[in-house]
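Accompanying notes for the structure given below.
Naming: A, B, ... by sequence-line order, numbering from 1 per chain. Predicted model, so just to flag it, every value in this text is computed and none were measured.
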Amino acid sequence: MALHIYNTLTREKELFTPITPGHVGMYVCGPTVYNDVHLGNCRTFISFDIIYRYLMYLGYKVRYVRNITDAGHLEGDRDEGDDKFSKMAKLQQVEPMEIVQKYTLGFRRVMQLLNNLPPSIEPTATGHISEQIEMTKQLLANGYAYEVNGTIYFDVEKYSKEENYGILTNRKLEDLLEGTRELGGQDEKHGRLDFALWIKAKPEHLMQWPSPWGMGFPGWHIECSAMSNKYLGKQFDIHGGGMDLAATHHTNEIAQSKGCYHVSPANYWMHTNMLTVNGARMSKSLGNGFLPDELFTGNHPLLEKAYAPMTVRFFMLQTHYRSTLDFSNEALQGSEKGLRRLWEAFETLNKFAPVNEQASEAELDAKVKKLVEGFDESMNDDFNTAKVLANMFELVPIINSIKDGLIAANALASSTVTLLQNKFKAYLEDIFGLTNSATGNNEVLGDVVQLLIDIRKEAKSKKDFATSDKIRNQLAAMGIALKDEKDGNASWSL
RNA sequence: GGUCCUUUGGCCGAGUGGUUAGGCAGAGCUCUGCAAAAGCUCGUACAGCGGUUCGAAUCCGCUAGGGACCUCCA
């Protein structure tokens with residue numbers, strides 16, 4: 001089966017067909033950098049990192065654009081007041097751009113710790129003010145926007161006469177209106193669903209730019225429309241983001257792009273589900289978010305211990321991206337152990353040398369091949385990483401049994417062993433982006449431990465268990481675990 | 001109130017109308033000087049009530065619980 005993607009627009013899994021054969025354009029809504037990213041944000045970016053990596057694995061040339069929102073995000077829903085950067089800047093008594101710099105760097109550091117590849121382009125809202133003004137002008141010219149006292153609003157009612165505004169989340173205009181409050185006397189907007197494209201700035205406002213309508217700053221939604229258009233074109237393949245963005249942000253993006261260019265911007269809309277804590281959504285406004293650093297250090301009242309970035313990444317891979325994922329110590333510890341088991345099997349597998357052309361156990365050979373072929377099949381079914389991991393875990397006992405001699409070394413054909421090695425490497429490292437954080441890669445340390453292992457082996461051969469136990473116990477106290485192997489040697493891990 | 005999603009064994013979590021998902025935890029056994037690891041075996045789960053069907057955890061309806069969005073949030 002070729003790659004199928006669940007499309008929010010149609011609420012169905014669809015065969016993925018890129019606009020330009022061999023190329024994929026993908027836009028993902030990035031963070032608003034006015035404070036630290038929390039783990040829920042990270043989940044979305046990890047999910048799309050896997051998708052990005054898998055598309056490349058399939059041979060596509062991918063242009064992956066993920067924006068940094070560094071302007072224009074307002075505090076409330078009324079399209080008035082200060083933006084979040086200005087507010088935080090005042091609070092911390094620094095320039096808004098210092099806020100942006102600080103949290104952008106923090107965001108990139110976390111992404112790197114989680115081993116997310118950087119996107120092809122990471123454009124900022126403040127770097128594309130003129131593009132946003134141009135788009136706003138075009139929307140005014142096309143009759144989908146109006147100006148009130150230097151602020152430009154998108155006219156949802158006008159747009160709805162020609163287009164289906166609620167198409168993305170399958171909502172009727174009347175239902176959407178029902179959920180909104182009545183317009184007050186001081187409201188500038190004509191319609192309750194209208195949203196700002198450009199906002200007039202008060203003189204004391206910290207971040208503002210000149211425009212045909214006076215000094216101001218862009219509304220939140222316009223940046224993604226302007227930047228996706230600039231780097232990916234009027235129409236591109238995939239647009240992604242968290243599910244919470246679908247109803248408002250993405251709905252408005254579609255309206256802006258259609259109002260401006262008369263075409264729907266993206267063919268496939270992908271939405272990742274929320275990370276929850278005790279069943280409730282992790283969010284900035286609820287204040288129940290975990291910061292990545294709190295997780296990596298264990299410095300949080302709800303955490304029993306620290307968890308490595310790779311444990312977190314693996315934890316997220318065990319769930320499908322469209323399911324909610326609940327955060328708990330028990331679940332994380334399960335992932336930690338599972339990852340270790342899988343990784344050790346991977347390292348064992350890499351040491352296998354091909355033995356013979358023919359498999360001495362044809363049935364087992366066929367079973368292994370089938371499980372391996374299941375990797376691609378599962379990923380092609382809307383990126384089912386959980387299923388891939390299940391197959392991998394089924395292969396682990398086979399790998400370990402070959403190592404221990406419980407299964408003959410020539411049981412598998414050499415081509416099967418090579419396939420297994422290649423696919424494990426491709427999936428664990430290239431696609432899932434996991435790295436070995438469990439064992440040290442310091443060569444000197446490795447040599448020292450090997451020396452101790454040799455001394456211990458000698459002691460054991462003389463039945464000097466006092467010495468052998470001392471070495472093992474002391475190393476254990478330092479965090480190095482020795483495991484005796486069948487052949488008399490020992491392996492170790494941190 | 002409106003729109004929609006979800007409900008799987010101790011925990012986490014896949015899932016196709018008819019076959020053991022998988023991981024973690026737990027129990028037993030094997031291997032081992034001991035330990036750890038590893039291997040083997042084990043729980044026969046699918047919210048409740050109806051219906052469709054030869055057959056449903058998987059389709060439909062109702063009931064109950066949970067959640068999301070409709071307001072800034074990935």
B/G1 pairs with, by Watson-Crick or G-U criteria that keep both distances under 3.5 Å: B/C70

Could you check whether A/G240 gets within reach of a base, just the sugar-phosphate, or nothing at all, counting any heavy atom under 4.0 Å? nothing

Under 4.0 angstrom, heavy atoms only, what part of the nucleic acid is A/G40 near: base, sugar-phosphate, or nothing? base

Using the P atom on both, measure B/G10 against B/C46 and round to a whole Å. 10 Å

Residue A/T44, side-chain atoms from C-beta onward, closest of B/C24, B/G22, B/A74: B/A74

Which part of the nucleic acid, if any, lies within contact of A/S335, taking any heavy atom under 4.0 Å across all strands shown: a base, the sugar-phosphate backbone alone, or nothing? nothing

Report the residue (A/Y321 or A/N170) whose heavy-atom-nearest nucleotide on RNA chain B is the more 5′ of the two. A/N170

Is A/S491 touching bases, backbone alone, or none of the nucleic acid, heavy atoms closer than 4.0 Å? nothing

Taking the six-membered ring where the residue is Trp, are the ring centres of A/F45 and A/F107 under 6.0 Å apart? yes

How would you label the contact of A/Q333 with the nucleic acid (heavy atoms, under 4.0 Å): base, sugar-phosphate, or nothing? nothing

Just to be sure I understand the rule, does A/L275 reach a base, reach only the sugar-phosphate, or reach nothing, if contact means heavy atoms closer than 4.0 Å? base

Heavy atoms under 4.0 Å, any strand shown: does A/M243 hit a base, just sugar-phosphate, or nothing? nothing

Are the side chains of A/E14 and A/H4 in contact, using a 4.5 Å heavy-atom criterion? no

Hey, what are the protein-to-nucleotides 36-46 of chain B N/O distances that come in under 3.5 Å?
| from | atom 1 | to | atom 2 | distance (Å) |
| --- | --- | --- | --- | --- |
| B/A36 | N1 | A/D484 | O | 3.2 |
| B/A38 | O3' | A/N400 | ND2 | 2.9 |
| B/A38 | O2' | A/D404 | OD2 | 2.8 |
| B/G39 | OP1 | A/N400 | ND2 | 3.2 |
| B/G39 | OP2 | A/R341 | NH1 | 3.0 |

Look at the rings of A/H250 and A/W269 and say which category their plane angle falls in: under 30° parallel, 30 to 60° tilted, over 60° perpendicular. tilted

With respect to the phosphate group of B/C70, does any side-chain polar atom (N or O) of A/T248 fall under 4.0 Å of OP1 or OP2? yes

Choosing from B/A25, B/G23, B/C70, which nucleotide comes nearest the side chain of A/A247? B/C70

Span that lies between the C1' atom of B/A45 and that of B/U7, in whole angstrom: 13 Å

Between A/K387 and B/G15, is there a side-chain N or O to OP1/OP2 distance below 4.0 Å? no

With C1' as the reference atom in both, quote the distance from B/A35 to B/G43 in angstrom, rounded to an integer. 28 Å

Distance, P atom - from B/C11 to B/G48, rounded to whole angstrom: 15 Å

How would you label the contact of A/D326 with the nucleic acid (heavy atoms, under 4.0 Å): base, sugar-phosphate, or nothing? sugar-phosphate

Taking B/C34, B/C11, B/A21 as options, the one with an atom nearest any side-chain atom of A/E394 is B/A21

Nearest to the A/Q318 side chain among B/C24, B/C34, B/G23, which nucleotide is it? B/G23

Please give the distance between the C1' atoms of B/C12 and B/U8 as a whole number of Å. 11 Å

Describe, in one word, how the ring planes of A/Y52 and A/Y64 are oriented to each other, choosing from parallel (under 30°), tilted (30 to 60°) and perpendicular (over 60°). tilted

Under 4.0 Å, heavy atoms only, any strand: does A/M392 hit a base, just the sugar-phosphate, or nothing? nothing

Would you say A/Q421 and A/N350 are linked by a side-chain donor-acceptor pair, where the criterion is simply a distance under 3.5 Å? no

Between B/G15, B/G33, B/A74, which one does the side chain of A/S468 approach most closely? B/G33

I'd like the P distance from B/A27 over to B/G65, given in whole Å. 37 Å

With sugar-phosphate meaning primed atoms plus P, OP1 and OP2, does A/K460 contact a base, only sugar-phosphate, or nothing at under 4.0 Å between heavy atoms? base

Counting only heavy atoms not in A/Q112, do more than 12 fall under 6.0 Å of its CD? no

What does A/R43 touch in the nucleic acid at a heavy-atom separation under 4.0 angstrom: a base, only the sugar-phosphate, or nothing? nothing

If we only count heavy atoms from C-beta on, is the A/L364 to A/I398 side-chain gap below 4.5 Å? yes

Would you say A/F465 stacks on B/G33, if stacking means ring centres under 5.5 Å apart and planes within less than 30 degrees? yes

Measure from the side chain of A/D469, starting at C-beta and using heavy atoms only, and say which of B/A25, B/G33, B/A14 lies closest. B/G33

Whom does B/U52 pair with, Watson-Crick or G-U wobble, provided both distances fall under 3.5 Å? none

Kindly say whether the aromatic ring centers of A/Y153 and A/H190 come within a distance under 6.0 Å. no

With a 6.0 Å cut-off on the ring centroids, do A/F315 and A/F327 count as close? yes

Considering only the P atoms, how many Å lie between B/C60 and B/U53, rounded to the nearest integer? 16 Å

Within less than 4.0 Å of OP1 or OP2 of B/A35, is there a side-chain N or O belonging to A/N473? no

Would you state whether a donor and an acceptor, one from the side chain of A/R11 and one from the base of B/C4, lie under 3.5 Å apart? no

I need the A/T251 OG1 to A/L245 CG distance, nearest 0.5 Å. 10.0 Å

Taking 4.0 Å as the cut-off, does a side-chain nitrogen or oxygen of A/S323 come that near to OP1 or OP2 on B/G13? no

With sugar-phosphate meaning primed atoms plus P, OP1 and OP2, does A/H38 contact a base, only sugar-phosphate, or nothing at under 4.0 Å between heavy atoms? base

So what does A/F393 hit on the nucleic acid, given a heavy-atom distance under 4.0 Å: a base, only sugar-phosphate, or nothing? sugar-phosphate

Taking the same atom, P, in B/A37 and in B/G23, what whole-Å distance lies between them? 16 Å

Please check if atom NZ in A/K200 has more than 12 non-hydrogen atoms from other residues, nucleotides or ligands closer than 6.0 Å. no

Find the partner of B/C40: check Watson-Crick (N1-N3 plus N6-O4 or O6-N4) and G-U wobble (N1-O2, O6-N3) distances, both under 3.5 Å, and reply none if neither fits. B/G28

Can a donor-acceptor pair under 3.5 Å be found between the side-chain atoms of A/N391 and the base atoms of B/G22? no

On RNA chain B, compare the nucleotides closest to A/F314 and A/P31; which residue's is nearer the 5' end? A/F314

